[in-house]
Student: 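Pasting a structure here, questions to come.
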Amino acid sequence: MVTVTVWNEYRHERTDEAVQAVYPDGIHATIAAALDERFAVRTATLDEPDHGLPPDRLEETDVLLWWGHEAHDEVSDDVVDRVQEQVLEGMGLIVLHSGHYAKIFKRLLGTSCNLQYREDGATERVWVVDPGHPIADGLPESFELPQTEMYGEPFDVPEPDRLVFVSWFEGGEVFRSGCCYLRGSGRIFYFRPGHETYPIYEHEHVQQVLRNAVDWATPREGSPRTFGERD
Ligand code: ZN
């Protein structure tokens with residue numbers, strides 16, 4: 001069975017009533033519940049020892065989902081090193097929303113990963129721009145999120161290997177909201193929707209994207225990664 005770890009910073013939900021009202025058990029609990037019985041799902045949070053990601057836990061993880069926002073700097077470099085190594089060895093990584101600024105995402109992509117934003121609770125329409133991609137399985141050609149935080153271009157990331165979603169916002173902005181990358185043997189998917197004060201992860205199509213993304217990012221058997229001098 002595919003082992004999934006849902007990592008969440010889990011700070012807003014404990015300090016901010018508006019966030020508590022939307023995610024009383026934490027964003028990680030809602031995401032974990034959205035994944036299905038094909039996956040063995042566990043959660044991990046920033047304030048646990050090793051941020052809930054000790055070496056054995058990471059080694060058992062096939063796909064890691066990452067949600068962070070206000071405490072990116074508190075993630076230890078040791079854990080970032082470890083996650084990077086696991087991704088290069090084949091672990092899938094799904095980075096959500098404000099995770100664009102996570103140390104691990106910037107490390108793996110090598111750019112600032114900065115963007116424009118506006119928290120106005122306006123509508124987002126997510127368009128599937130790669131309908132044959134497995135992450136788009138079962139989705140309509142577009143779907144609407146009635147209240148979101150806007151993210152706008154330029155999004156300072158490397159050109160995605162595949163771009164699955166583009167978002168349009170009521171203010172007129174557009175954003176590359178579903179980006180696939182390959183790093184080493186690992187698959188990385190960035191998915192934009194997910195601000196903490198809106199019930200984005202309750203949305204059926206968002207949940208479908210998360211399940212599809214876990215399937216896509218699950219490690220393949222592949223071939224051994226062998227480096228160095230040959231006999
Ligand atoms: Zn946000």
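Each ligand, and each atom within it, is numbered from 1 in the order the structure gives.
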Student: Stepwise, does the side chain to side chain contact (heavy atoms under 4.5 Å, CB included) test hold for Tyr201 with Trp67?
Tutor: CA-CA 12 Å; Tyr201 296 121; Trp67 196 100; 3.3 Å; yes
Student: Could you pull out the atom name of the N/O/S atom in His195 that is nearest the Zn ion (ligand 1)?
Tutor: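 Atom name of the closest N, O or S in His195: ND1.
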Student: Considering non-hydrogen atoms only, spot the tightest contact between Pro55 and Arg82 and give its length.
Tutor: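 Smallest interatomic distance, heavy atoms only, reads CD-NH1, 3.6 Å.
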Student: Counting backbone and side-chain atoms alike, is an N, O or S atom of His97 positioned under 2.8 Å from the Zn ion (ligand 1)?
Tutor: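 So His97 counts as coordinating the Zn ion (ligand 1), yes.
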Student: If you define the side chain from C-beta out and look only at heavy atoms, does anything of Val63 sit under 4.5 Å from Phe39?
Tutor: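 No, their side chains stay 4.5 Å or more apart.
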Student: Check whether any N, O or S atom of Glu149 sits under 2.8 Å from the Zn ion (ligand 1).
Tutor: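 Yes, within the cut-off.
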Student: Short question: side chain of Arg183, backbone of Leu108 - any donor-acceptor pair under 3.5 Å?
Tutor: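 Yes; judged by distance alone, with no hydrogens or angles, the pair exists.
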